[in-house]
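Input: a single structure, listed below in structure tokens.
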Amino acid sequence: MLDSTTAASGFVLEDVPHLSDYIPHLPTYPDPLQDNPSYSVVAQYYVNVDDTVAQQIIVHKNSPRGAHFRRAGPAQKVYFDSEEVYACVVTCGGLCPGLNTVIREIVCGLYHMYGVHKVLGIEGGYPGFYSRNTVPLTPKVVNDIHKRGGTILGTSYGGHDTSKIVDSIEDRGINQVYILGGYGTQYEAAMIFEEVRRRGLKVAVVGIPKTIDNDIPVIDKSIGFDTAVEEAQRAISSAHVEAESAENGIGVVKLMGRYSGFIAMYATLASRDVDCCLIPESPFYMDGPGGLLEFIERRLKEQGHMVIVIAEGAGQEFLSGNPSVVNKQETSADKLLPDVGLWLSQKIKDHFAKCRKMPINLKYIDPTYMIRAIPSNASDNVYCTLLAQSAVHGAMAGYTGFTVGPVNGRNCYIPFHLINEGEKRVVITDRMWARLLSSTHQPSFLDPKDITEVREERTEHQTSDGQNHPEIAD
């Protein structure tokens, strides 16, 4: 792990490893972009080696400047001769919009910006490294893949064997590895980097954050999130139409979010048709005064219909009998949680079956796999392009052992160990969650004592290291 360094101005530079850290006397080459006609119009296309991006842009006058990261972009000197580069791309974990766009832009970025003509696609996730499932990637092969959902390389959970993977990388002569995946995948990418460094190989290992739940820490967002929120609107709109068209109509929509409720929260805020949003971070209870069932009754009496959005990880303690189930980090990403949407729908039906004076019409919509499998929208396509090109610039400049991502709107290189410290969660004492409560007019389902405890915990978290953290920023 690379140590952080404190600059004279008071901020901490969370730097990323470089090939020259463990391979002495590496030759450098002029950046091919200087001869690229497409970049000739750019006044300054090299990133200054001292440019950094602040993790926290709002600071108190006398507080420490907090953590900074190395800014992503082209470097004046590169550590790979274009003709010797043999790159590979692999996609791991679940599907999300934008995977094909990133694959396309890595291949085209290497080819058109740096003149790299040897790129290999590893098929089927990590096992593809040692099961010899590969496909050559060229600009012609990837030309139209961004218009399709999924990944042309295929994907899988698990199958990670660090030694076998690095053996394959070494045997093939691969020297740049681009790994698309979420929280678990980035952790495993860090293991690949450590083994590469231990063997002293000139191999750049680069992670690209992919998780539809948007739960990767430090970065603003991961690929596919904007598309997921946009596509979720269609399900919410359908639920609203169904609910509004029936007497005491209730539309229940289950969205993705095993441990983090970002999709549910943002889709609810974007829709404005939602009456109640339930996420893993905000516990709720069903029965009794102030409970969900009482709120549903009241809302139906007020307006005759309602829409409920629930993230897949919300309320799992009711199904498992274990209140801490949603916080178990060791739960496998590919292990399906019990369907909380079906459970909630049945609970509501059972409750109102006892109230004969209020018959209901409930429709349950689960668009999970429809959202995962669609192509990325315009916003995500641009975002994927910037991520892919930043990853290529970083690898060519000799940086390794990092994930590329935006921090406060600027792409930068983030060391693996920070990405792997924990998942990002919705903070229910933030203004964004307050905006949602104001939009839906739902109860918070929290006791005042609980809110005070969360605030005290948050304040202690902010002041213990003298800085705020992006996961609790507004």
Side-chain angles (χ1 to χ4, degrees), residues 1-2 16-19 21-23 79-80 84-96 99 102-103 106-107 110 116 118-137 151-211 216 223 330 332-334 387-388 391-392 394-396 398-404 413-420:
M1 183 185 298
L2 197 71
V16 297
H18 194 275
L19 293 172
D21 294 341
Y22 63 91
I23 304 176
Y79 282 75
F80 289 95
E84 73 177 19
V85 173
Y86 191 16
C88 74
V89 186
V90 64
T91 51
C92 304
L95 295 180
C96 80
L99 290 175
V102 175
I103 295 169
I106 288 174
V107 174
L110 284 167
V116 172
K118 291 189 295 184
V119 185
L120 195 65
I122 306 297
E123 294 185 318
Y126 280 131
F129 276 101
Y130 48 85
S131 60
R132 304 280 171 178
N133 298 328
T134 61
V135 56
L137 298 177
T151 163
I152 64 163
L153 299 178
T155 186
S156 66
Y157 290 100
H160 178 90
D161 187 314
T162 305
S163 182
K164 284 185 178 180
I165 290 171
V166 179
D167 284 346
S168 176
I169 290 169
E170 191 172 6
D171 291 345
R172 296 175 190 272
I174 291 170
N175 50 23
Q176 291 185 9
V177 182
Y178 298 92
I179 302 172
L180 285 72
Y183 181 78
T185 301
Q186 301 302 311
Y187 178 80
E188 291 158 344
M191 295 166 64
I192 293 173
F193 159 69
E194 292 296 343
E195 179 62 16
V196 163
R197 178 162 62 176
R198 188 187 69 79
R199 298 189 190 186
L201 304 178
K202 185 186 177 183
V203 178
V205 180
V206 181
I208 297 167
K210 175 240 61 165
T211 169
I216 293 180
I223 65 173
E330 66 270 20
S332 174
D334 58 337
L387 275 187
V392 168
M396 292 297 296
Y399 296 112
T400 181
F402 69 89
T403 294
V404 64
Y413 305 138
I414 304 159
F416 279 139
H417 73 88
L418 290 181
I419 293 293
N420 297 325

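No experiment lies behind these values; they were computed from the predicted model shown.
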Interatomic distance, [X] atom [atom1] to [Y] atom [atom2] [nearest 0.5 angstrom]:
{"X": "Thr155", "Y": "Lys210", "atom1": "OG1", "atom2": "NZ", "answer": "5.5 Å"}
{"X": "Asp161", "Y": "Glu188", "atom1": "CG", "atom2": "CD", "answer": "11.0 Å"}
{"X": "Leu180", "Y": "Ile103", "atom1": "CG", "atom2": "CD1", "answer": "6.5 Å"}
{"X": "Glu123", "Y": "Thr91", "atom1": "CD", "atom2": "OG1", "answer": "9.5 Å"}
{"X": "Asn133", "Y": "Leu153", "atom1": "CG", "atom2": "CG", "answer": "11.0 Å"}
{"X": "Gln186", "Y": "Ile419", "atom1": "CD", "atom2": "CD1", "answer": "7.0 Å"}

Below 4.5 Å, heavy atoms only, C-beta onward: do [X] and [Y] meet side chain to side chain?
{"X": "Val135", "Y": "Ile152", "result": "no"}
{"X": "Met396", "Y": "Val85", "result": "yes"}
{"X": "Phe193", "Y": "Thr400", "result": "yes"}
{"X": "Pro17", "Y": "Phe416", "result": "no"}
{"X": "Val107", "Y": "Tyr178", "result": "no"}
{"X": "Arg172", "Y": "Thr134", "result": "yes"}
{"X": "Ile179", "Y": "Tyr126", "result": "yes"}

Where is the tightest heavy-atom contact between [X] and [Y], given as atom of each residue plus distance?
{"X": "Ser156", "Y": "Pro127", "answer": "OG-CD, 3.6 Å"}
{"X": "His160", "Y": "Ile192", "answer": "CE1-CG1, 3.6 Å"}
{"X": "Ile414", "Y": "Val16", "answer": "C-CG1, 3.8 Å"}
{"X": "Ser131", "Y": "Gly128", "answer": "OG-CA, 3.4 Å"}
{"X": "Ala388", "Y": "Val102", "answer": "CB-O, 3.8 Å"}
{"X": "Pro209", "Y": "Val404", "answer": "CD-O, 3.0 Å"}

(request) Look at atom OH of Tyr187 and say whether more than 12 heavy atoms of other residues, nucleotides or ligands are closer to it than 6.0 Å. (result) no
(message) Working note: Ile208 + Ile106, criterion side chain to side chain contact (heavy atoms under 4.5 Å, CB included); need CA distance, chi angles, decisive distance, verdict.
(response) CA-CA 11 Å; Ile208 297 167; Ile106 288 174; 3.5 Å; yes
(message) Do Lys202 and Phe80 form a cation-pi contact, if we require the NZ or CZ to be under 6.0 Å from the six-membered ring centre and within 45 degrees of the ring's axis?
(response)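 Verdict for Phe80: a cation-pi partner in Lys202.
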(message) One thing to verify: whether Arg199 and Glu195 come together as a salt bridge, which I'm taking to mean a side-chain N less than 4.0 angstrom from a carboxylate O.
(response)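 Between Arg199 and Glu195 there is a salt bridge, with a charged N closer than 4.0 Å to a carboxylate O.
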(request) Describe, in one word, how the ring planes of Tyr413 and Tyr399 are oriented to each other, choosing from parallel (under 30°), tilted (30 to 60°) and perpendicular (over 60°). (result)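 Judged by the thresholds at 30° and 60°, the geometry between Tyr413 and Tyr399 is tilted.
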(message) Main chain of Val166, side chain of Tyr130: is a donor-acceptor contact present, judged purely on distance under 3.5 Å?
(response)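 It does not hold such a pair.
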